[in-house]
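Only heavy atoms go into these numbers, but all of them, side chains included; no hydrogens, no water, no symmetry mates. Only a predicted model underlies this, so the values are computations on that prediction, with no experimental measurement involved.
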Amino acid sequence: MLPTLSEVLALEAVRRGQPRVVVGADRLSTPVRWVHAIELADAARLLRGGELVLTTGIALPDDDELLGGYVTELAGIGASGLAVELGRRYTAGLPDGLVSAAGAQGLPLIVFEREVAFVEITEAVHARIIDDQLEELRTSARLHEVFTDLAVAGAGPAEIIRQASLLAGRPVIFTDLAHHVLAFEAAGADPARLLDRFEARSRAVAPGPRTAYDEPSGWLVTTVGARGEDWGRVILVCGGPSGPGTHVTRPGAGESGADRPNTDRPNTDRANADRANTDRPSPADVVLVERTATTLALGRLLTRQQESLERQAHSTVISSILAQSGADPDEAAVRARALGVPVTGRQLVPVVIRFRDGSPGLGSQARVLAIADLLVTACRAERAPVLVGALDEGSAGALLSLSRGADPDQVLTRVCQAVLRRISAGRGAVRGTALPGPVIGTGSVVTSMNEVRRALLEAQQAADAGAHGPPEDQRPFYRLADLRLRGLLHLLAGDVRLTTFVERELGPLLAYDAGHGTDLMAVLAAYLATGGNKAHAATRAHLTRPTFYERLRHIERILGVSLDAAESRASLHVAILALASARPAG
């Protein structure tokens, strides 16, 4: 980190000249890239910006206008400041033209009251600059070493953030793009204060470049992502609720994740002292948060790639069996065995899992991948080899391989209950989540790969039909036989004769609801679902009995039927179930 004018003036070699700031006392935080002693009236053409110019003034013109041009040129190339030694050209003080021009240009102007060796100043400042540059190189090398080790070791986000906080000596927070905290390390700050109203404060930080410092919050923020997809942010808290100057003591050897002496840490005591004076991040801080983000992104890509390779291989086998009735069963068996799933002399149990809402998108894809992982975990607990892969954006398929002596119903029940418990616990752990649970369908247990396709299709049909059922009808898994009439209607959903039947039975009522903004279909469905119990149905529909009875009579007039007749009720109930099976689940 480059020294500032204020730090340069504090050096012993500079203080010997009794420096006094004439102009620009409010600009002493300007960084000094280099110090250059030059006695030319057109010195600016030889500079590159960021220099503190030292001069005795012997080559400067007497004319105020020319002095103004000299200062303007220095300010134009971005000089850090101008320091003039009294005694050779100027004795009583600096000329008014020089002072006024420096004030007009905002160029810090310093006077040395006593003679000072410029070479001592340049040596001292350049040594400081070189030391800082070497320190930054050591810091960069150490960061590279630490984060490379974390990436190779497959460290999770919590460990990566912990190490970043240790290296920075400041709180570090990792969030998703919904501003939910995924991991954080307080670094000695009060966690409650650090995360107080975090979501609102995080949303107030306007998106900018991939790495940017936000002055109001005191946060250095960088984006986490790769391959054009961003999914999180790393925040280094330089000020804000944690308070400035909040740092931890560097851990010594023997501490977890930091088995090195204090001298091997990238931030020196001077760097920590500098931070006590300013909340702004240093260039080393920028490097640190960017390396943290890169390591998080790499870890996610490696994890996803590892899962993807296995899942893609499994999906290919399952999808090929489902999609091609003429697929070679022997080839599928070979591929399954190559993936570690034996299929010869085993009981093969097909399973299809889908969500009731079935809506496509990134969220649905993520849920399918997550449920596939849960199914793998549950099968491992039962020591049951399994092929598991996504079938589409809303469902996953699996083929369990059980020994001859296993009871398929018992194994399926334990596996499905374990998956449903984990999903239910996950939904309860996320505030505001109201996603419907999944439906698990299974087909016939078979013993040959020749029969797997038929069994998988049964499982797919059972899951689809179960997803159209009432949410309160929760079972560990469904077979088509369990779904009875609903299962049959789902199989016939594409039959034009069934569609015609539904329209004949319910068409007038559907048209009436559409034209009058009523919901008489819901009243009829509630009545039929209770087996014709009007009192129970009224309660279920949240209507008073007189109102409910009147609406039933209205329905009878619209449809031209008597709801007291058992055959009418049965026919209408079948039509309602058929209508539901033809609509999207959920």
Problem - Inter-residue atom distance Arg422.CZ - Leu420.CG, 0.5 Å rounding - result: 12.0 Å
Handout entry: Minimum-distance pair of heavy atoms, taken over all atoms of Val415 and Cys379
Key = CG1-SG, 4.1 Å
Exercise for the section: Indicate the atoms forming the closest heavy-atom contact of Ile353 with Pro438, along with that distance. Expected result: CG2-CB, 3.8 Å
Exercise for the section: Show your reasoning for whether side chain to side chain contact (heavy atoms under 4.5 Å, CB included) applies to Leu391 and Ser319. Expected result: CA-CA 7 Å; Leu391 299 179; Ser319 298; 4.2 Å; yes
Handout entry: Cationic N near anionic O, under 4.0 Å, Arg354 to Asp392
Key = no
Fill in the blank from the handout: In short, Leu510 meets Met521 closest at the heavy-atom pair CD2-CG, 3.7 Å
Practice task
Output yes when Asp409 and Arg479 qualify as a salt bridge under the 4.0 Å nitrogen-oxygen rule, no when they do not.
Solution key: yes
Practice task
Determine whether the side chains of Ser444 and Glu458 contain a donor N or O and an acceptor N or O closer than 3.5 Å.
Solution key: yes
Practice task
Would you please say whether a donor-acceptor pair under 3.5 Å links the side chains of Arg233 and Ser202?
Solution key: yes
Problem - Val237 side chain near Glu185 side chain, heavy-atom distance below 4.5 Å - result: no
Practice task
Report yes if the side chains of Val287 and Glu290 come closer than 4.5 Å at any heavy-atom pair, otherwise no.
Solution key: no
Handout entry: Expected output: side-chain Asp285 to main-chain Leu236 donor-acceptor under 3.5 Å
Key = no
Handout entry: Worked check of salt bridge (Lys or Arg N to Asp or Glu O under 4.0 Å) between Asp214 and Arg201
Key = CA-CA 11 Å; Asp214 182 69; Arg201 290 189 289 119; over 6 Å; no
Handout entry: Rounded distance [0.5 Å steps], CG in Leu387 versus OG in Ser401
Key = 8.5 Å
Exercise for the section: Answer whether the closest heavy-atom distance between the side chains of Leu543 and Val523 falls below 4.5 Å. Expected result: yes
Problem - Minimum heavy-atom distance Pro171-Ala186, with the two atoms named - result: CG-O, 3.3 Å
Exercise for the section: May I have the step-by-step check of side chain to side chain contact (heavy atoms under 4.5 Å, CB included) for Leu563 and Leu524, ending in yes or no? Expected result: CA-CA 10 Å; Leu563 295 179; Leu524 179 59; 4.1 Å; yes
Exercise for the section: For residues Val341 and Val386, determine if any side-chain heavy atom of one lies less than 4.5 Å from a side-chain heavy atom of the other. Expected result: no
Handout entry: Atom pair CZ/CZ of Phe198 and Arg203 - distance to nearest 0.5 Å
Key = 10.5 Å
Practice task
For the pair Leu182 and Ile161, evaluate side chain to side chain contact (heavy atoms under 4.5 Å, CB included) and give the outcome as yes or no after the intermediate values.
Solution key: CA-CA 10 Å; Leu182 304 177; Ile161 294 303; over 6 Å; no
Exercise for the section: With the side chain counted from C-beta on, respond yes when His144 and Arg291 share a heavy-atom pair under 4.5 Å apart, and no when they do not. Expected result: yes
Exercise for the section: Would you give the length of the straight line joining atom OG1 of Thr547 to atom CG of Leu552, rounded to the nearest 0.5 angstrom? Expected result: 11.0 Å
Handout entry: side chain to side chain contact (heavy atoms under 4.5 Å, CB included) between Arg170 and Ser165, worked out
Key = CA-CA 6 Å; Arg170 286 172 163 164; Ser165 180; 6.0 Å; no
Completion exercise
The single option from Leu506, Ile555, Leu509 that satisfies side-chain contact (heavy atoms from CB on, under 4.5 Å) with Leu572 is Leu506
Exercise for the section: Could you label the plane-to-plane angle of the Phe548 and Tyr527 rings as parallel, tilted or perpendicular, counting under 30° as parallel and over 60° as perpendicular? Expected result: tilted
Practice task
Could you tell me which non-hydrogen atom of Ala463 sits nearest to which non-hydrogen atom of Val352, and how far apart they are?
Solution key: CB-O, 3.6 Å
Exercise for the section: Assess whether atom CZ of Arg454 is packed by more than 12 heavy atoms of other residues, nucleotides or ligands within 6.0 Å. Expected result: yes
Handout entry: Close side-chain approach of Val411 and Asp407, heavy atoms under 4.5 Å
Key = no
Fill in the blank from the handout: Between Ala537 and Ala526, the two heavy atoms sitting closest are CB-O, 3.7 Å
Exercise for the section: For Gln347 and Arg404, indicate whether the former's side chain and the latter's backbone hold a donor-acceptor pair under 3.5 Å. Expected result: yes
Handout entry: Asp176 side, atom CG; Trp231 side, atom CH2 - distance, nearest 0.5 Å
Key = 12.5 Å
Practice task
State, with a plain yes or no, whether a side-chain heavy atom of Phe147 is found less than 4.5 Å away from one of Ile160.
Solution key: yes
Practice task
Not counting sequence neighbours, list each pair that qualifies as a salt bridge (charged side-chain N to carboxylate O under 4.0 Å, His left out) and has a residue in residues 556-574.
Solution key: Glu550-Arg557
Practice task
Can you measure from CG (Leu348) to CG (Leu400) and round to the nearest 0.5 angstrom?
Solution key: 9.5 Å
Practice task
Determine yes or no for a side-chain-to-main-chain donor-acceptor pair under 3.5 angstrom, with Arg210 supplying the side chain and Thr222 the backbone.
Solution key: no
Handout entry: Check: Tyr512 and Leu520 side chains under 4.5 Å, non-hydrogen atoms
Key = yes
Problem - Check: His179 side chain, Glu199 main-chain N or O, donor-acceptor pair, under 3.5 Å - result: no
